[in-house]
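Step one of this worksheet: look at the structure below.
These numbers come from the heavy atoms of this one structure, side chains and all, not from hydrogens, waters or symmetry mates.
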Amino acid sequence: MTSSAPPGLARFNAVAEREAVGMLREVCASRTWGAVVAGGRPYATLGELLDAADAAVAGLTAADLAEALAAHPPIGQPVPGDAASAREQSGVRDEERAELLALNRAYQERHGHVFLICATGRTGEEMVTALHERIRHDADTEREIVRIELGKINRIRLARWTETL
């Protein structure tokens, strides 16, 4: 680690591995992802951390992805009291929630897991369109899209997380 690491990143680098893994579960619920990212410390820059996070997402098994997905609320229904969930889904208007929830249920019936999309900066209308498109995908195609979306979410959360750590 160099002295140029941002303060939050320096604090993350300094904690014990078990604590680091626990801290990372706030970002992504996959224990494998957390162990891989924590095990790569120290990170000199946020860019190094994000690169490691991306590599860890790329290596997740289907079971690891399922574990990560289980912690994500349905689009249109942020977790009450969860500031990150509310912030990420802030583009959803009240009148879009019912449609998003209905589509999400249909998606879950087809794919066996919650519809995952990086909602930050997206409107509810954009997410409805994405749901209509992605519900038709086969399992392998959708799993890779989910992996990409999870990586985007993790990057945003890590950047914000290291600023506030």
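The backbone N or O of Leu9 lies less than 3.5 Å from no partner atom in the side chain of Thr162, so there is not a single donor-acceptor pair. Under a 3.5 Å cut-off, the side chain of Glu96 and the backbone N or O of Arg93 do form a donor-acceptor pair. For Arg41 (side chain) and Val15 (main-chain N/O), a donor-acceptor pair under 3.5 Å exists by modelled atom type. Glu126 places a side-chain N or O within donor-acceptor distance of the main-chain N or O of Thr123, the cut-off being under 3.5 Å. Glu48 places a side-chain N or O within donor-acceptor distance of the main-chain N or O of Ala44, the cut-off being under 3.5 Å. A donor-acceptor pair is defined here as one N or O able to donate and one able to accept, closer than 3.5 Å; no such pair exists between the side chain of Arg122 and the backbone of Met127. At least one donor-acceptor pair under 3.5 Å links the side chain of Asn13 to the backbone N or O of Tyr43.
Shortest non-hydrogen contact noted between Ala38 and Val21 is CB-CG2, 3.6 Å. Smallest separation of non-hydrogen atoms from Ala53 and Trp33: O-NE1, 3.2 Å. Closest approach of Val79 to Ser85, counting heavy atoms only: N-OG, 3.0 Å. Shown here for Pro74 and Leu101, the closest heavy-atom pair between the two residues is CB-CD2, 4.0 Å.
In this structure, the separation between CG on Leu49 and CG on Leu24 is 7.5 Å, given to the nearest 0.5 Å. Distance check, rounded to the nearest 0.5 Å: CZ of Arg18 to CE of Met23 gives 14.5 Å. The line from CD1 of Ile153 to CG of Leu158 is 12.0 Å long, rounded to the nearest 0.5 Å.
Open room surrounds CZ on Arg31; 12 or fewer heavy atoms of other groups in view lie less than 6.0 Å from it. By the neighbour-count criterion of 12 heavy atoms within 6.0 Å, atom CD of Glu125 is sparsely surrounded, having that number or fewer from other residues, nucleotides or ligands.
Side-chain contact between Leu60 and Leu150 is present, with at least one heavy-atom pair separated by less than 4.5 Å. Residues Glu149 and Arg134 form a side-chain contact, since some pair of their non-hydrogen atoms from C-beta on lies under 4.5 Å apart. Counting heavy atoms from C-beta on, the side chains of Val128 and His132 come closer than 4.5 Å. The side-chain heavy atoms of Cys118 and Glu88, taken from C-beta on, include no pair separated by under 4.5 Å. Proximity of His111 to Val146: side-chain heavy atoms (C-beta onward) are nowhere separated by under 4.5 Å. Considering only heavy atoms from C-beta on, Thr120 stays 4.5 Å or farther from Lys152 through its side chain.
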Tell me, with the steps shown, if Glu26 and Arg157 meet side chain to side chain contact (heavy atoms under 4.5 Å, CB included). CA-CA 9 Å; Glu26 295 174 28; Arg157 288 180 175 183; over 6 Å; no
The test is side chain to side chain contact (heavy atoms under 4.5 Å, CB included); show your working for Arg97 and Gln77 and say whether it passes. CA-CA 7 Å; Arg97 291 190 193 287; Gln77 191 176 24; over 6 Å; no
For the pair Phe115 and His72, evaluate ring-ring contact (aromatic ring centres under 6.0 Å, His included) and give the outcome as yes or no after the intermediate values. CA-CA 9 Å; Phe115 172 75; His72 283 270; over 10 Å; no
Apply side chain to side chain contact (heavy atoms under 4.5 Å, CB included) to residues Thr129 and Glu133 and explain how you reach the verdict. CA-CA 6 Å; Thr129 299; Glu133 177 185 319; 5.5 Å; no
Side chain to side chain contact (heavy atoms under 4.5 Å, CB included), that's the test. Do Glu142 and Tyr107 meet it? Break it down for me. CA-CA 11 Å; Glu142 192 55 23; Tyr107 176 95; 2.6 Å; yes
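Side chain to side chain, Ser30 and Asp64 fail the donor-acceptor criterion of an N or O pair below 3.5 Å.
With respect to the salt-bridge test (charged N to carboxylate O, under 4.0 angstrom), the residues Glu144 and Arg147 qualify.
The aromatic rings of Phe12 and Trp161 sit perpendicular to each other, their planes meeting at more than 60°, with 30° as the lower class boundary.
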